[in-house]
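Before any comments, here is the structure.
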Amino acid sequence: MHGFFQKLGIEAPVFIGASDGGMVAQIYVQKYPGEAGGLILISTGGMDANTLKSLKKKYCIAPLLLWYMKHCNYEKLKPKLIKAGMRHIRNESAEEIAYARDLFETIFKDYKQEKDVHISGLLADLMNQKPVTEADFAALAGKILLILPDQDFFSGTMQEDLIKLMHNPQISYVSGSHLSTVVKAEDYIRAIRAFLNHQ
């Protein structure tokens, strides 16, 4: 990403990262201090030591699952992956649940095994990164938006740890689960536009 921005002459990019993407954005800010123009983190956790420890415990079998994903009959695995994605449903309406299921089925219809292995490998890589600290985000004080669902995959404790990392963040809470970025996209877009318009 850094090379991409340099090639295009983009200075001070504003990162919008959801879930794993929000964690990647934090790593970028840590690795290239003073080069980001802002952060919009959605449905994500902090890359702090506490959260990484919790996630490592939760994903202790990740290397085994990654190996299986590389060697299994991927077409037979797809229905199980869709089912796993649907486990993020909390209090969504019947219409939103149907939309989420249709979305997963559409995505996985032409999804390739190599791509899923690559994306799943990213999560394993994230677990091995150097933890971020409050100091990494000091230069972005007042330039950070956190959009947090009230029933997210990332626990309330993880959300609190994320907030503590950031300096004077604007926080927008959204009703829903980890899937609300998809089924309630308008709520997120509205919050992002309002934040960017005031920067």
Side-chain angles (χ1 to χ4, degrees), residues 1 15-28 40-47 50-129 146-159 161-162 172-192:
M1 285 190 293
F15 286 89
I16 302 177
S19 193
D20 295 348
M23 301 178 98
V24 171
Q26 293 171 60
I27 294 169
Y28 188 98
I40 299 172
L41 303 178
I42 303 167
S43 303
T44 192
M47 286 291 291
N50 286 341
T51 300
L52 287 177
K53 185 178 179 182
S54 296
L55 290 174
K56 280 180 182 178
K57 190 174 181 182
K58 192 167 192 170
Y59 288 110
C60 61
I61 62 168
L64 181 62
L65 292 175
L66 192 59
W67 181 90
Y68 176 75
M69 190 176 283
K70 287 178 183 177
H71 298 89
C72 72
N73 181 330
Y74 187 67
E75 290 304 312
K76 288 187 177 179
L77 182 63
K78 283 182 180 181
K80 293 179 182 176
L81 294 174
I82 293 170
K83 191 175 180 180
M86 292 299 291
R87 283 195 208 115
H88 289 294
I89 290 291
R90 295 296 180 267
N91 291 327
E92 281 76 13
S93 68
E95 183 181 358
E96 289 169 341
I97 292 170
Y99 178 81
R101 184 174 290 110
D102 185 55
L103 175 78
F104 278 124
E105 289 173 354
T106 301
I107 288 172
F108 277 101
K109 182 181 178 185
D110 298 316
Y111 221 53
K112 302 297 181 191
Q113 185 169 13
E114 296 78 15
K115 183 175 182 178
D116 207 351
V117 167
H118 176 74
I119 292 170
S120 300
L122 169 65
L123 183 59
D125 289 343
L126 286 172
M127 297 303 100
N128 295 317
Q129 294 296 316
L146 305 178
I147 308 180
L148 306 173
D150 57 7
Q151 298 178 65
D152 197 12
F153 161 81
F154 293 96
S155 69
T157 300
M158 289 179 181
Q159 289 183 350
D161 287 341
L162 174 66
S172 179
Y173 290 99
V174 178
S175 175
S177 69
H178 203 63
L179 289 179
S180 60
T181 51
V182 174
V183 298
K184 297 181 179 178
E186 298 83 9
D187 295 342
Y188 288 82
I189 292 168
R190 194 178 304 113
I192 292 168

Would you mind reporting whether Glu92 and Tyr99 have side-chain heavy atoms less than 4.5 Å apart?
no

Taking all non-hydrogen atoms of both residues, which atom of Ala100 and which atom of Ile89 are closest, and how far apart?
CB-CD1, 4.4 Å

How long is the straight-line distance from NZ of Lys115 back to CG of Asp110, given to the nearest 0.5 Å?
10.5 Å

Look at atom CD1 of Ile61 and say whether more than 12 heavy atoms of other residues, nucleotides or ligands are closer to it than 6.0 Å.
no

Under 3.5 Å: donor-acceptor pair, side chain of Glu96, backbone of Asn91
no

Donor-acceptor pair, distance only, cut-off 3.5 Å: does the side chain of Gln151 make one with the backbone of Ser175?
no

Straight-line distance of Lys57 NZ to Lys53 NZ, nearest 0.5 Å:
8.0 Å

ring-ring contact (aromatic ring centres under 6.0 Å, His included) against Phe153, all qualifying residues, sequence neighbours excluded:
His88, His178

Rounded at 0.5 Å granularity, tell me how far CG in Asp152 sits from CZ in Arg90.
8.5 Å

Is the shortest side-chain heavy-atom distance between Asp116 and Leu77 below 4.5 Å?
no

When rounded to the nearest 0.5 angstrom, what distance separates CG in Asp125 from OG in Ser120?
11.0 Å

Counting C-beta onward and ignoring hydrogens, is there a side-chain heavy-atom pair between Leu103 and Leu179 closer than 4.5 Å?
no

Is there a side-chain contact between Val24 and Met1 (heavy atoms, below 4.5 Å)?
yes

Judged by atom type as modelled, is there a donor-acceptor pair below 3.5 Å linking the side chain of Thr51 to the main-chain atoms of Met47?
no

Gap separating the CZ atom of Arg101 from the CD1 atom of Ile82, nearest 0.5 angstrom:
9.5 Å

Would you check if Ile27 and Leu126 make a side-chain contact, meaning some heavy-atom pair closer than 4.5 Å?
yes

Ignoring hydrogens and geometry beyond distance, is a side-chain donor-acceptor pair present between Ser180 and Tyr188 at under 3.5 Å?
yes

With a 4.5 Å heavy-atom cut-off, do Leu55 and Phe154 have their side chains touching?
yes

Could you check if a side-chain atom of Phe104 sits within less than 4.5 angstrom of a side-chain atom of Tyr111, using non-hydrogen atoms only?
no

Under 3.5 Å donor-acceptor, Gln159 side chain and Thr157 backbone
no

Supply the atom-to-atom distance Asp20 CG to Thr44 OG1, rounded to the nearest 0.5 angstrom.
7.0 Å

Is the count of non-hydrogen atoms from other residues, nucleotides or ligands lying under 6.0 Å from Glu75 atom CD greater than 12?
yes

In the structure I gave you, are the side-chain heavy atoms of Leu162 and Gln26 within less than 4.5 Å of one another anywhere?
yes

Which heavy atom of Gly176 sits nearest to which heavy atom of Pro149, and what is that distance?
O-CB, 3.4 Å

Heavy-atom count around His71 NE2 within 6.0 Å, excluding the residue itself: above 12?
yes

Only counting residues at least two apart or in another chain, list the ones meeting salt bridge (charged side-chain N to carboxylate O under 4.0 Å, His left out) with Lys184.
none

